[in-house]
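All residue numbers in this chain count up from 1 along the given sequence. When a ligand or atom number is given, it counts from 1 through the structure's own listing order. We use all heavy atoms of the structure for the numbers below, so side chains are in, but hydrogens, waters and symmetry mates are not.
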Amino acid sequence: MGGFLVTGSASGMGEQVANRLRADGHEVIGVDVADGADVVADLATREGRSAAILAIRERSGGVLDGAVMAAGVGAIRGRERLTVEVNVLGATALLEALRPQLAAADKAKVVVFGSNSTTSTPFVPRRVVSLLERGETERAARWIGRLGALSAPVAYAASKLAVSRWVRRAAVTREWAGAGIRMNLIAPGPVLTPLLRAQLASGSGRHVRSYPVPALEYGTPERLADWVMTMLSPAADFMVGSVVTVDGGTEALLRPTAWPARLPVRGVPRMLRLLREAPRRGQVADYSDI
Ligand code: NAI
């Protein structure tokens, strides 16, 4: 059977990508909490995620050609727990459970929505990110709750940092890249969707508006979908664990030297260990025919 999973398919960028895939003749399994999706499920709860996984497995017939994890909740005060549940576990729990279906396809492509808020939001406690990386959303939300006015932007940035790190760590392993799956991140800046409009109208609207955008315009779901479609195409056959930033220049303006960054001397021992372990981890290609 095959086909593509798209979460957050009822609105914004997820909806745009689902429409494009369908227009190109692909089967799409759209998942959203909103009515009208192929699979209506609340990715903020364990039960909702389990129900979604079962339904996707059944509809896919055991094979997924790709997955776009676009379901997300923006930085809105009072919705911090929801934000971390959907933005982190709404992507990672589904991908972990559906990895066999992705591995069953020929070079399946996965695109996870990160954000440029990962690298441009100040005062994100390390502890919150590491709790989220371990999937401890309840404890992370308690920490975030103590941050007062910063809680909404921190919840959002920390959730996107955690999911981005999960993607980059998992993408290169034998279970993902080694099994033929190409998993990458897209990191948009402000894109005019219902999520951004709600955020601009909320208490954190001032924070969002304060960020300079050198392109002097916000992104659109159509242009972002162009990038996602490329990341789902054979153009991404050699793309693994990459972060594609599409943000009108905010990141480059604020952190011009943060990336690419030279390898610091203290990073050398870890790098040597990874080089030594690469063959055992199945991370060395067979170049014998060159
Ligand atoms: P959107 O609000 O238009 O669409 C998000 C979709 O996710 C909605 O259909 C919503 O119903 C669904 N969703 C939310 N909570 C859910 C839940 N509990 N269970 C299932 N589905 C749920 O948002 P947009 O802007 O298209 O966002 C797509 C992704 O891009 C999100 O992950 C967002 O964090 C990310 N992003 C958006 C930016 C923007 O400026 N719009 C900037 C950077 C990243």
Side-chain angles (χ1 to χ4, degrees), residues 5-20 29-53 55-56 67-76 79-94 111-121 137 152-153 155-164 167 185-202 204-205 207-209 211 213 215 217-225 227-228 231 243-248 250-251:
L5 160 67
V6 180
T7 71
S9 60
S11 173
M13 293 182 267
E15 182 183 26
Q16 190 65 222
V17 171
N19 290 343
R20 296 271 188 99
I29 307 169
V31 177
D32 207 291
V33 72
D35 285 344
D38 304 307
V39 175
V40 177
D42 184 358
L43 300 180
T45 67
R46 189 187 291 266
E47 301 72 41
R49 292 188 289 266
S50 300
I53 290 161
I56 297 159
V68 178
M69 313 310 278
V73 175
I76 295 195
R79 294 168 71 185
E80 291 79 2
R81 177 76 195 273
L82 187 70
T83 302
V84 298
E85 288 285 341
V86 178
N87 294 4
V88 183
L89 298 180
T92 60
L94 263 65
V111 180
V112 177
F113 273 79
S115 166
N116 79 341
S117 65
T118 48
T119 48
S120 54
T121 304
T137 45
Y156 188 72
S159 70
K160 293 297 186 180
L161 267 168
V163 78
S164 302
V167 167
L185 287 146
I186 186 149
V191 180
L192 275 173
T193 64
L195 181 148
L196 180 65
R197 288 181 197 279
Q199 217 163 300
L200 290 171
S202 77
S204 57
H207 169 81
V208 179
R209 286 175 210 272
Y211 275 81
V213 183
E217 60 184 3
Y218 284 163
T220 64
E222 291 79 6
R223 290 293 78 82
L224 269 292
W227 284 99
V228 175
M231 293 164 80
V243 184
V244 177
T245 302
V246 185
D247 76 340
T250 303
E251 222 272 333

Can you list the atoms of ligand 1 that are under 4.0 Å from a heavy atom of [X]?
X: Ala41; answer: 19 (N), 20 (C)
X: Ala44; answer: 18 (N)
X: Phe113; answer: 29 (C), 30 (O), 32 (O)
X: Tyr156; answer: 33 (C), 34 (O), 35 (C), 36 (N), 37 (C), 43 (C), 44 (C)
X: Asp42; answer: 17 (C), 18 (N), 19 (N)
X: Gly114; answer: 44 (C)

Close approach of [X] to ligand 1, heavy atoms, under 4.0 angstrom:
X: Gly189; result: yes
X: Ala187; result: no
X: Glu85; result: no
X: Ala198; result: no

How close does the nearest protein non-hydrogen atom get to [atom], and which residue and atom is it?
atom: atom 5 (C) of ligand 1; value: Gly72 O, 3.9 Å
atom: atom 2 (O) of ligand 1; value: Leu195 CB, 3.3 Å
atom: atom 32 (O) of ligand 1; value: Lys160 NZ, 2.9 Å
atom: atom 25 (O) of ligand 1; value: Thr193 OG1, 2.5 Å
atom: atom 26 (O) of ligand 1; value: Met13 N, 2.8 Å
atom: atom 40 (O) of ligand 1; value: Val191 N, 2.8 Å

Exercise. Check the pair Asn87 / Val163 against side-chain contact (heavy atoms from CB on, under 4.5 Å), numbers first and verdict last.
Key: CA-CA 7 Å; Asn87 294 4; Val163 78; 5.8 Å; no
[X]-ligand 1 polar pair, N/O distance under 3.5 Å:
X: Pro188; result: no
X: Ser11; result: yes
X: Val33; result: yes
X: Asp32; result: yes
X: Leu196; result: no
X: Leu43; result: yes
X: Ser115; result: no
X: Ser9; result: no
X: Ala34; result: no

Would you find a donor on one side and an acceptor on the other, under 3.5 Å apart, between the side chain of [X] and the backbone of [Y]?
X: Asp32; Y: Ala10; result: yes
X: Thr121; Y: Pro153; result: no
X: Tyr218; Y: Leu196; result: no
X: Arg20; Y: Glu222; result: yes
X: Thr7; Y: Ala70; result: yes

Quiz item: Considering only heavy atoms from C-beta outward, does the side chain of Leu89 approach that of Arg49 to under 4.5 Å?
Solution: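 Leu89 vs Arg49: side chains touch.
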Exercise. Compare all side-chain heavy atoms of Arg197 with those of Leu192 and state whether any distance is below 4.5 angstrom.
Key: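 A side-chain contact under 4.5 Å exists here.
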Exercise. Could you walk me through whether Trp227 and Val111 pass side-chain contact (heavy atoms from CB on, under 4.5 Å), step by step?
Key: CA-CA 10 Å; Trp227 284 99; Val111 180; over 6 Å; no
Practice problem: Closest by any non-hydrogen atom to atom 31 (C) of ligand 1: pick that one out of Pro190, Gly12, Ala70. | Solution: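 Checking each option, the heavy atom nearest atom 31 (C) of ligand 1 is found in Ala70.
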